Protein chains: 2
Amino acid sequence: MNIKTLCLGILSFGDASGYEIKKQLEGPFRHFYDASFGSIYPALGKLTGENLVDCTELAQQGRPDKKVYSITPKGRLDLVQQLLERPSQDRIRSDFLVIMLFAELLPAAHIDELVGQRIEDYRSSLDELCSQGKDDTASAAFVHGFGCAVYGAALRYLEDNRHRIVGESLRAQAEVAE
Amino acid sequence: MNIKTLCLGILSFGDASGYEIKKQLEGPFRHFYDASFGSIYPALGKLTGENLVDCTELAQQGRPDKKVYSITPKGRLDLVQQLLERPSQDRIRSDFLVIMLFAELLPAAHIDELVGQRIEDYRSSLDELCSQGKDDTASAAFVHGFGCAVYGAALRYLEDNRHRIVGESLRAQAEVAE
DNA sequence: ACGGACATGTAACACGTTACATGATTAA
DNA sequence: TTAATCATGTAACGTGTTACATGTCCGT
């Protein structure tokens, strides 16, 4: 999923400026994808060049003109085409899991702290996702629910298995000390 | 987590060639990270240049010399340093979820098929992960278990909520047709 | 007085993938 | 004979991040 398609999709919900798109990407769905200004602005420029979006400049006092983008009919067609393509496999990107794989090389106390932090992270992400229950659309609710299900499972797993990895790590280090 | 650190970590388990590292990355943990030859070979070259690994060339008949890499003491230190750094946030990368967010733009039958495929994907990933229960180390078992927990949750969510998104999509399209 | 929100944009950089280049061996 | 496995490596390309550049308004 590239930024261009993402911007096009967001614009299919309504007109927005680059800045506003970024704000939307900082909402609850930031857990699934995000983008920086450095990618959004060039993406909007390219989309405009391809006539997939229109740009209206609004003069503002003391600020750069606000550029409001609207998706064009051609843009809607293109979006649908992009969305019909086979999605790539879902994947978990986790530095944490890589570190865990090499846990035996690290102090047990450090591992314990890491797991504790990750538990906190998942708990707060989950709280945030679950707390704002009502969604604009059924689609958003579906994606939302998916996030809650997965984060909840990760959280429960970490809580239930924390002792295992830390215990094992301590034991391995006791052996080395002998 | 960059490829250099990943290669160093794998070499901490035992000597290997670039080709063998790639094979290991195609094992059960490919769900959490992977790498192509185009990144592994340059990474090993850089690691050798920094004296973090040693390279022994084995002459072979009718093939390029096999280069077997060993982690050096300096490499082990460096690996631990890397692993002690704060891991970035875990994240789900899912084109599928993005498509679902825009489900109302697509034919209900297509959405249903997509969800069906994703269910199959998760089911086979889960089968694969769970079937090979025994792990070399407690760390590997922990990571393994995490994967099972998360994939299981995703699978159950999709199975339980498939009707919601497809039903909603059909209803929305019925409205448009009116 | 200071930081944060608003507002856009570019350039350098990092990091990785894909395709290309080469070529023997072995199993179906 | 065809494809897969073994084995390494480079170059082009894609894609996105970070840092830089600029400047006002508003709340504390």
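Quick caveat: nothing in here was measured; it's all calculated off a predicted structure. A note on names: the letters A, B, ... follow the listed sequences, proteins ahead of strands, and every chain is numbered from 1.
- Side-chain nitrogen and oxygen atoms of K67(B) include at least one within less than 4.0 Å of the OP1 or OP2 phosphate oxygen of dG9(D).
- A salt bridge links E120(B) with R123(B): at least one charged nitrogen is closer than 4.0 Å to a carboxylate oxygen.
- By the 30° and 60° cut-offs, the orientation of the rings of Y157(B) relative to F142(A) is tilted.
- In this entry the distance linking NZ of K22(B) with C1' of dG9(D) reads 15 Å, nearest Å.
- Taken residue by residue, residues 78-96 of chain A places no heavy atom nearer than 4.0 Å to DNA chain D.
- We find that CG of L44(A) is positioned 9 Å from P of dT8(C), with the value rounded to whole Å.
- Proximity of a side-chain donor or acceptor of H144(A) to a complementary backbone N or O of L129(A) within less than 3.5 Å is detected.
- With the end axes of the helix from dA1(C)-dT28(D) to dA28(C)-dT1(D) each set by five pairs, the angle from one to the other reads 40° at 10° resolution.
- The aromatic rings of F37(A) and Y41(A) lie parallel to each other, with less than 30° between the two planes, well short of the 60° mark.
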remark   = A correct 5'-to-3' footprint of nucleotides 15-22 of chain D, with B, S and - meaning base, sugar-phosphate only and no protein heavy atom under 4.0 Å, is -SBB----
task = Could you please spell out the steps behind the salt bridge (charged side-chain N to carboxylate O under 4.0 Å, His left out) verdict for E113(B) and R118(B)?
result = CA-CA 9 Å; E113(B) 203 190 313; R118(B) 198 65 15 160; over 6 Å; no
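- Side-chain contact annotation: D95(A) with S88(B), donor-acceptor N/O pair under 3.5 Å present.
- The nearest whole Å value for the distance from the OH atom in Y41(B) to the C1' atom in dG16(C) is 16 Å.
- Between the side chains of T5(A) and N2(A), a donor-acceptor pair is found at a separation under 3.5 Å.
- In this structure, CD of E57(A) is placed 14 Å from P of dA7(C), rounded to the nearest angstrom.
- Although no hydrogens or angles enter the test, the distance criterion places no donor-acceptor pair under 3.5 Å between the side chain of Y69(A) and the main chain of T56(A).
- Here dC15(C) presents its P atom at 19 Å from OH of Y33(B), a figure rounded to the nearest Å.
- Between the side chains of S70(B) and D15(B), at least one donor N or O sits under 3.5 Å from an acceptor N or O.
- In this structure, the OH atom of Y69(A) is 7 Å from the P atom of dT8(C), given to the nearest Å.
- Taking the charged nitrogens against the carboxylate oxygens, E159(A) and R156(A) have no contact shorter than 4.0 Å, which rules out a salt bridge.
- Following rounding to the nearest Å, D65(A) (CG) and dT24(D) (P) show an atom-to-atom distance of 15 Å.
- Across the protein-nucleic acid pair, K66(B) atom NZ and dT5(D) atom C1' stand 12 Å apart, rounded to whole Å.
- Applying the 6.0 Å contact sphere to NZ of K23(B) captures more than 12 heavy atoms from other residues, nucleotides or ligands.
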